[in-house]
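Below: the structure, in structure tokens.
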Amino acid sequence: MLTTHYVPGAPVWLDLGAPDTGAAAAFYGGVFGWEFQSAGPDAGGYGMLQLDGSTVAGLGPLMEEGASPAWTVYFQTADAEATARAVERAGGAVRTEPMDVFTAGRLAQFTDPTGADFAIWQPGDTRGVDVVNVPNTLCWSELHTTDAQAAVDFYRQVFGWEAERTPMAEVDYTVVSPPGGGRDAAHGGIMQFPPQVEVGELRSKWYPYFEVEDCDVAVSAAVHHGGTALTATDDAPGLGRMSMVLDPFGAQFALITSEAG
């Protein structure tokens, strides 16, 4: 279960790169009730998405040439430089070397061997997002990948994640947890693209899941504000009611109303 008692290897931050931050803030405000708070004149247009005054994510303009709108998940590290070198040794690529973000912390950005982008955060003044696992906040992160076993091996080498394969109809799924955390501390999953999907047309990606009080209502709100429902809202036994959604700019995320208990 994702919490704000952040430990190395756990998701600690997420942000959205968008071509129009004002329009993106309006869309997510309409879906989740988030409000955008600028990080200041020196932040290059970056700011915080907040729910009732608590930061739930970041939002900024696209900074890399040729970048597509997307959510990025950040995993905590105690040493950004050491993690960057571990990524290289495990066969990943360093897209952005570790760098200071004022006094907030240090970040670096990578691509795993299957092609999925992700990032790390070494906390300074900012430990991470303020709240998770309640309605309209992050509750899970999921990697859809062309090679699940290669991905599991990579992230185990870099972060020491524990991995447990979980039976799921027609899907190869692995639940991942921070080292020593066990299944109760699980923060995400790694899913192989189904065999009927033409892998050559797809790219491995991490997606955030946002908890919502009513998945059907949230999907309707997303569509009303210009988003697209990629999957029909459906019940997953033991998990909850969920749907994959595309925002108006092409960034994908998931909505879930988790089962109680």
Task: Hydrophobic cluster identity match, V134 and V217, side-chain contacts under 4.5 Å - done: no

TODO: Decide side-chain contact (heavy atoms from CB on, under 4.5 Å) for V94 and R85; before the verdict, give the C-alpha distance in whole Å, the side-chain angles of both, and the deciding distance to 0.1 Å.
DONE: CA-CA 9 Å; V94 177; R85 304 293 76 83; 4.2 Å; yes

- [ ] Taking T114 for its side chain and A151 for its backbone only, find out whether a donor-acceptor pair lies under 3.5 Å.
- [x] no

Task: Pair Q50-T55, side-chain donor/acceptor within less than 3.5 Å - done: yes

Task: Any donor-acceptor pair under 3.5 Å from E35 side chain to G29 backbone - done: no

Task: Side-chain (T231) to main-chain (M244) donor-acceptor, under 3.5 angstrom - done: yes

Task: Atom pair CD1/OH of I256 and Y209 - distance to nearest 0.5 Å - done: 7.0 Å

Open item on the list: For a quick test of reading the model, state the closest non-hydrogen atom pair linking P61 to G44 and the distance between them.
Closed with: CG-O, 3.3 Å

TODO: Would you give the length of the straight line joining atom CE of M191 to atom OH of Y173, rounded to the nearest 0.5 angstrom?
DONE: 7.5 Å

Open item on the list: Grouping I, L, V, M, F, W and Y whenever their side-chain heavy atoms are under 4.5 Å apart, do V73 and W13 come out in a common cluster?
Closed with: no

- [ ] Verify, without hydrogens or angle tests, whether D214 (side chain) and D216 (backbone) share a donor-acceptor contact under 3.5 angstrom.
- [x] yes

Task: Neighbour count above 12 (heavy atom, 6.0 Å) for R165 CZ - done: no

Open item on the list: Once rounded to the nearest 0.5 Å, what's the spacing between atom OG1 of T257 and atom CG of L239?
Closed with: 12.5 Å

Task: Under 3.5 Å donor-acceptor, T228 side chain and L230 backbone - done: no

Task: Test item: K205 and T145 side chains (from C-beta on) under 4.5 Å apart, heavy atoms - done: no

- [ ] May I ask you to decide if G40's main-chain N or O and S38's side chain share a donor-acceptor pair within less than 3.5 Å?
- [x] yes

- [ ] Tell me whether V12 is reachable from W161 by hopping between hydrophobic residues (I, L, V, M, F, W, Y) whose side-chain heavy atoms are closer than 4.5 Å.
- [x] no

Open item on the list: Are Y46 and V101 connected into the same hydrophobic cluster when the rule is that any two of I, L, V, M, F, W, Y join if their side-chain heavy atoms are below 4.5 Å apart?
Closed with: yes

Task: Side-chain heavy atoms of N133 within contact of W140, under 4.5 Å - done: no

Open item on the list: Please check this pair: side chain of S204 against backbone of T146, looking for a donor-acceptor N/O pair closer than 3.5 Å.
Closed with: yes

Open item on the list: Testing the basics here: between H187 and P11, what is the closest heavy-atom pair and its distance to 0.1 Å?
Closed with: CG-CD, 3.3 Å

TODO: Mind checking the CG-OG spacing from L14 to S141? Nearest 0.5 Å is all I need.
DONE: 9.5 Å

Task: Smallest separation among heavy atoms of P208 and L138, with atom names - done: CB-CD1, 3.7 Å

Table please: side-chain donor-acceptor pairs of residues 175-186 below 3.5 Å, with sequence neighbours left out.
residue, atom, partner, partner atom, Å
S177, OG, G182, O, 3.1
R183, NH1, E164, OE1, 3.3
R183, NH1, E164, OE2, 3.0

Open item on the list: Are Y155 and F118 an aromatic pair, judged by ring center distance below 6.0 Å?
Closed with: yes

TODO: With the side chain counted from C-beta on, respond yes when V31 and F210 share a heavy-atom pair under 4.5 Å apart, and no when they do not.
DONE: no

- [ ] For side-chain contact (heavy atoms from CB on, under 4.5 Å), just list the numbers for F159 and F75, CA-CA rounded to whole Å, side-chain angles, deciding distance to a tenth of an Å, and then say yes or no.
- [x] CA-CA 9 Å; F159 294 118; F75 301 101; 3.7 Å; yes

- [ ] Determine whether V158 and T83 make a side-chain contact, defined as any pair of heavy atoms from C-beta on separated by less than 4.5 Å.
- [x] yes

Task: Heavy-atom donor-acceptor pair, W34 side chain to N136 backbone, under 3.5 Å - done: yes

Open item on the list: Would the distance check show the side chain of T126 and the main-chain N or O of G128 forming a donor-acceptor pair, the cut-off being under 3.5 Å?
Closed with: no

Task: Distance-minimising heavy-atom pair for S243 and C215 - done: N-SG, 3.9 Å

Open item on the list: Aromatic contact between W206 and F110, with the criterion being ring centroids under 6.0 Å apart: yes or no?
Closed with: no

- [ ] Verify, without hydrogens or angle tests, whether Q37 (side chain) and M48 (backbone) share a donor-acceptor contact under 3.5 angstrom.
- [x] no

- [ ] Flag the pair D147 / F154 as yes when at least one side-chain heavy-atom distance between them is below 4.5 Å, and no otherwise.
- [x] no

TODO: Please examine the side chains of W121 and Q76, heavy atoms only from C-beta on, and report whether any two atoms are closer than 4.5 Å.
DONE: no

Open item on the list: Walk me through whether T72 and D117 qualify under side-chain contact (heavy atoms from CB on, under 4.5 Å).
Closed with: CA-CA 7 Å; T72 299; D117 294 337; 5.7 Å; no

Open item on the list: Could you check whether E211 and S258, counting side-chain N and O atoms only, form a donor-acceptor pair closer than 3.5 Å?
Closed with: yes

TODO: Provide the closest heavy-atom pair for P113 versus G92 in the form atom of the first, atom of the second, distance.
DONE: CG-N, 4.0 Å

Open item on the list: Assess, by modelled atom type and distance only, whether the side chains of Q149 and D153 contain a donor and an acceptor separated by less than 3.5 Å.
Closed with: yes

TODO: Kindly assign one of parallel, tilted or perpendicular to the pair F253 and W71, based on the angle between their ring planes and the thresholds 30° and 60°.
DONE: perpendicular

- [ ] Please list, chain by chain and in numerical order, all residues satisfying side-chain contact (heavy atoms from CB on, under 4.5 Å) with D52, sequence neighbours excluded.
- [x] none

Open item on the list: Are V132 and M1 connected into the same hydrophobic cluster when the rule is that any two of I, L, V, M, F, W, Y join if their side-chain heavy atoms are below 4.5 Å apart?
Closed with: no

Open item on the list: Is the shortest side-chain heavy-atom distance between V56 and V129 below 4.5 Å?
Closed with: no

TODO: Could you grab the distance from atom CG of D15 to atom CG of L59, nearest 0.5 Å is fine?
DONE: 8.5 Å

Open item on the list: Tell me the closest heavy-atom pair linking P19 and P69, and the distance in Å.
Closed with: CD-CG, 3.6 Å

Task: From CE (M99) to CD (Q122), nearest 0.5 Å - done: 13.5 Å

Task: Heavy-atom side-chain proximity of L16 to D247 below 4.5 angstrom - done: yes

Open item on the list: For T4 and D130: C-alpha separation, side-chain torsions, deciding distance, then whether side-chain contact (heavy atoms from CB on, under 4.5 Å) applies.
Closed with: CA-CA 7 Å; T4 53; D130 294 330; over 6 Å; no

Open item on the list: Could you check whether D79 pairs with R106 (Lys NZ or Arg NE/NH1/NH2 to Asp/Glu carboxylate O, under 4.0 Å)?
Closed with: no

TODO: May I ask you to decide whether R241 forms a salt bridge with E259, counting only side-chain N to carboxylate O separations under 4.0 Å?
DONE: no

